[in-house]
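What you see below is based on every heavy atom in this structure, not just the backbone, and it leaves out hydrogens, waters and symmetry mates. Proteins get letters first, then strands, A, B, ... in listed order; numbering begins at 1 in each. A quick note: this is a predicted structure, and the numbers were derived from the prediction, not measured.
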There are 2 protein chains.
Amino acid sequence: MSAVGRPTSKDVAQEAGVSQSTVSLVLGGKWTGRVSPATARSVRSAAERLGYRPNLAARNLRLGTTRTVLLMVPTLTAPFFGPVYTGAARVAARHGFGVVVATWPDDAHGPAGEVCPGPPSYTPPDGPFASPDEAIDGVLASSMAVEALARFRETPAVMLDSGPSAPDGGIPTVDFGVAEGMRAIAEHLAGLGHRRIGHVAAAVDQWTFRARARALAAAVAAVPGGTLSRSMCAIDVTSAKNAAGRLLDRADRPTALVCDDDLIAAGAYKAARARGLDVPGDLSVTGFDDVLLATALEPELTTVRLPAEELGAQGMTALLDLLSGRRPAPRVLPGELVPRDSTAPPSG
Amino acid sequence: MSAVGRPTSKDVAQEAGVSQSTVSLVLGGKWTGRVSPATARSVRSAAERLGYRPNLAARNLRLGTTRTVLLMVPTLTAPFFGPVYTGAARVAARHGFGVVVATWPDDAHGPAGEVCPGPPSYTPPDGPFASPDEAIDGVLASSMAVEALARFRETPAVMLDSGPSAPDGGIPTVDFGVAEGMRAIAEHLAGLGHRRIGHVAAAVDQWTFRARARALAAAVAAVPGGTLSRSMCAIDVTSAKNAAGRLLDRADRPTALVCDDDLIAAGAYKAARARGLDVPGDLSVTGFDDVLLATALEPELTTVRLPAEELGAQGMTALLDLLSGRRPAPRVLPGELVPRDSTAPPSG
DNA sequence: CTGAAAGCGCTTACAG
DNA sequence: CTGAAAGCGCTTACAG
């Protein structure tokens with residue numbers, strides 16, 4: 001073994017008394033019929049003895065491939081994206097790929113000028129140098145604008161939860177059946193007898209929220225006597241509470257609040273209780289996504305389950321297809337209505 | 001530019017009419033005083049024209065470093081670890097490092113035999129080959145057993161939220177002041193007049209939970225007349241509800257339930273309401289962590305705020321120190337009691 | 001069955 | 001100020 005640092009295949013070769021190429025053959029699993037079993041055994045044991053781990057940079061350089069895929073998500077702080085990662089990583093692992101996560105830059109940059117004194121200083125070189133996370137074979141981009149993919153012009157990519165792409169040679173997509181989900185909610189509420197619906201909508205410029213708003217509007221319009229009011233908010237409890245409150249303070253108060261997200265529904269609960277309104281007795285509330293929170297709330301939330309882990313898994317499958325030269329067809333994962341205890345017939 | 005694939009520095013050199021080494025010097029930002037400004041300009045513009053991006057594998061191989069750090073967390077599905085990543089990534093980015101995330105293997109492997117037909121098949125080579133995520137300079141390991149670090153024997157590592165390490169040359173650590181936090185909760189409850197305390201404890205073999213149990217037991221023992229009962233559960237709402245229920249059904253029902261985690265507290269709320277007990281009128285409940293859920297619940301949860309993002313940031317700072325040859329001192333981030341509406345004096 | 005050699009695309013002495 | 005060359009540690013034809 002060389003004087004310093006990790007052992008290389010050369011060190012293993014020397015230890016085993018064979019050539020470096022033989023080591024590579026054996027440890028790469030391509031030796032059968034080319035290397036004698038006895039030699040193979042001795043190589044393996046030498047590698048073991050030295051604690052040999054191959055240098056991935058060298059292999060990647062030689063192979064021109066990294067067997068690594070980048071998953072881009074808006075944030076890891078929202079409860080939705082953990083499962084997306086989990087699903088993607090599971091499928092990737094089965095095919096010998098790794099997944100690295102990147103969040104939008106603004107997620108990685110907190111308020112300026114805080115935190116931790118005295119780390120080593122490093123000035124990134126000027127010039128068009130890549131950040132470390134770009135040694136990848138492909139990218140899985142979730143819940144983003146198509147334009148944001150521009151920097152990956154040359155990289156095989158699949159878009160997740162971003163809406164259908166251009167029909168002509170567009171990027172492969174995997175989406176949720178958001179419109180069907182919203183329609184199911186509207187029909188559920190209409191079936192209970194609700195007519196005055198309020199939409200507590202996320203003020204986030206993403207396809208998924210535009211699709212939700214569009215679908216809800218259409219579905220309510222299809223209900224005889226159905227009316228829709230809307231209030232926008234950020235995806236946090238306080239903002240949602242305020243937005244829901246605005247709807248509840250109207251003269252023609254809605255009997256049901258359709259929320260764009262489970263967290264927003266939590267805010268709606270608060271707005272209701274602050275006004276002495278019982279959920280679901282005086283007001284029905286629905287969520288969207290079915291994250292953990294939905295069953296932690298009381299009453300448990302009627303919502304639409306979006307299979308986030310499946311989104312990651314299907315997206316990774318599509319990307320692996322793409323990397324193998326196939327053209328995956330667009331996929332849509334159905335959202336499923338999960339009726340729980342936050343919806344009931346309107347009172348009075 | 002070569003017939004196929006991305007342009008290399010050689011292509012840029014040819015385009016600019018200079019040598020490859022000059023390109024490397026210029027784009028690496030090490031040219032001042034060694035290359036004429038005019039040449040530098042022409043190199044830059046050639047690189048731009050060709051859309052040149054350096055090959056990271058080659059650079060890593062040459063430099064023997066990847067400027068990438070691995071963050072190991074138990075799961076990304078729990079709301080706690082997103083912020084840890086965010087804090088770590090923010091500090092890393094400031095120093096030109098990237099962060100890749102790995103979860104415990106069991107997080108990446110769902111139920112067998114499901115999902116997605118027909119992806120390209122790949123059999124990982126036998127032998128001691130690394131998975132793609134191991135081309136790293138160091139590791140940040142959160143909330144894990146020290147033993148699990150064995151595979152990183154040779155890799156600089158910092159342990160997060162895993163308890164103090166061996167005093168002699170142990171791995172650097174960043175921990176939360178979990179014991180102080182638990183003590184603050186106990187004192188808060190004692191101050192309100194509570195004596196019969198129930199502990200709804202996470203049945204998870206991690207330092208942080210052992211420390212919570214130990215600290216709570218000691219703090220309750222220090223209260224005159226204080227008694228502690230305990231019930232264990234998994235960290236999910238249903239399991240927590242059952243465990244809390246067992247405590248509430250005892251003859252000497254506790255007047256306060258101390259929960260190891262905010263999600264467990266949500267289960268405790270449910271157990272209370274199922275028995276017609278008002279929180280906090282009939283029963284005080286406390287959580288731990290202060291995740292989003294804490295303020296989504298009603299009443300809002302009295303809990304201990306653990307600065308998860310700061311844990312990631314401080315951990316990364318320590319790791320960068322370590323990579324620079326310094327020995328970071330162990331750090332403890334204080335947990336802060338956040339009194340909200342789920343605690344009150346005991347009734348009767 | 002085994003080994004010598006080329007080459008992936010960089011960075012960095014070294015020579016001029 | 002600029003270029004030719006070595007070498008990081010692999011994989012894979014190719015020759016024997």
| message | Please determine whether a side-chain nitrogen or oxygen atom of A/Thr39 lies at a distance below 4.0 Å from atom OP1 or OP2 of C/dT2. | response | yes
| task | Assign A/Leu63 to base, sugar-phosphate, or nothing according to its heavy-atom contacts below 4.0 angstrom with the strands shown. | result | sugar-phosphate
| Within less than 4.0 Å of OP1 or OP2 of C/dT11, is there a side-chain N or O belonging to B/Lys30? | no
| message | For A/Gly33 and A/Arg62, find the nucleotide of DNA chain C closest to each by heavy atoms; which residue's nucleotide sits nearer the 5' end? | response | A/Gly33
| task | For D/dA4, give its Watson-Crick or G-U wobble partner with both distances under 3.5 Å, or none. | result | none
| said: Quick check: on DNA chain C, is the nucleotide nearest B/Ser9 upstream (toward 5') of the one nearest B/Arg34, or the reverse? Name the residue that is more 5'. | reply: B/Ser9
| query | Expressed in angstrom and rounded to an integer, what is the separation of A/Asn55 atom CG from C/dC8 atom P? | reply | 18 Å
| said: Quick one about B/Thr65 and B/Asp137 (side-chain donor to acceptor, distance below 3.5 Å, no hydrogens or angles considered), yes or no? | reply: yes
| remark: The nucleotide from D/dG9, C/dC10, D/dG3 with an atom nearest the side chain of B/Val18 is D/dG3
| Could you give the CZ-to-P distance, from B/Arg6 to C/dG9, as a whole number of Å? | 10 Å
| task | Would you tell me if any nitrogen or oxygen in the side chain of A/Thr8 comes within less than 4.0 Å of OP1 or OP2 on D/dG9? | result | no
| Between atom CG in B/Leu27 and atom C1' in C/dC10, what is the gap in whole Å? | 12 Å
| Got a donor-acceptor contact below 3.5 angstrom from the A/Asp11 side chain to the A/Thr8 backbone? | yes
| request: State whether a side-chain donor-acceptor pair under 3.5 Å links B/Ser143 with B/Asp161. | output: yes
| query | Whole-Å distance between C/dT11 P and B/Leu25 CG? | reply | 9 Å
| A/Arg59 CZ to C/dC10 P: how many Å, rounded? | 21 Å
| said: Can you give me the closest heavy-atom contact between B/Ser9 and B/Gln20, atom names plus distance? | reply: OG-NE2, 2.9 Å
| task | Both distances under 3.5 Å, Watson-Crick or G-U wobble: report the partner of D/dA13, or none. | result | none
| field | Donor-acceptor pair between B/Arg49 and B/Ser45 side chains, under 3.5 angstrom | value | yes
| request: Take B/Pro37 and A/Ala57, find for each the nucleotide of DNA chain D with the closest heavy atom, and name the residue whose nucleotide sits nearer the 5' end. | output: B/Pro37
| Rounded distance in Å - CG (B/Leu61) to C1' (C/dC8) | 9 Å
| query | What integer distance in Å separates B/Asn60:CG from D/dC8:P? | reply | 16 Å
| Looking at A/Tyr52, does any N or O in its side chain come under 4.0 Å of the phosphate oxygens OP1/OP2 on D/dG9? | no
| said: Just the rounded figure in Å: distance from P of D/dG7 to NZ of A/Lys10. | reply: 9 Å
| Do A/Thr39 and A/Ser42 have side-chain atoms, one donor and one acceptor, less than 3.5 Å apart? | no
| Nearest to the side chain of A/Thr22, which nucleotide is it out of C/dG9, C/dT11, C/dG3? | C/dG3
| Out of D/dT12, D/dA4, C/dT2, which nucleotide sits closest to the side chain of A/Ser21? | D/dT12
| Between A/Ser24 and D/dT11, is there a side-chain N or O to OP1/OP2 distance below 4.0 Å? | yes
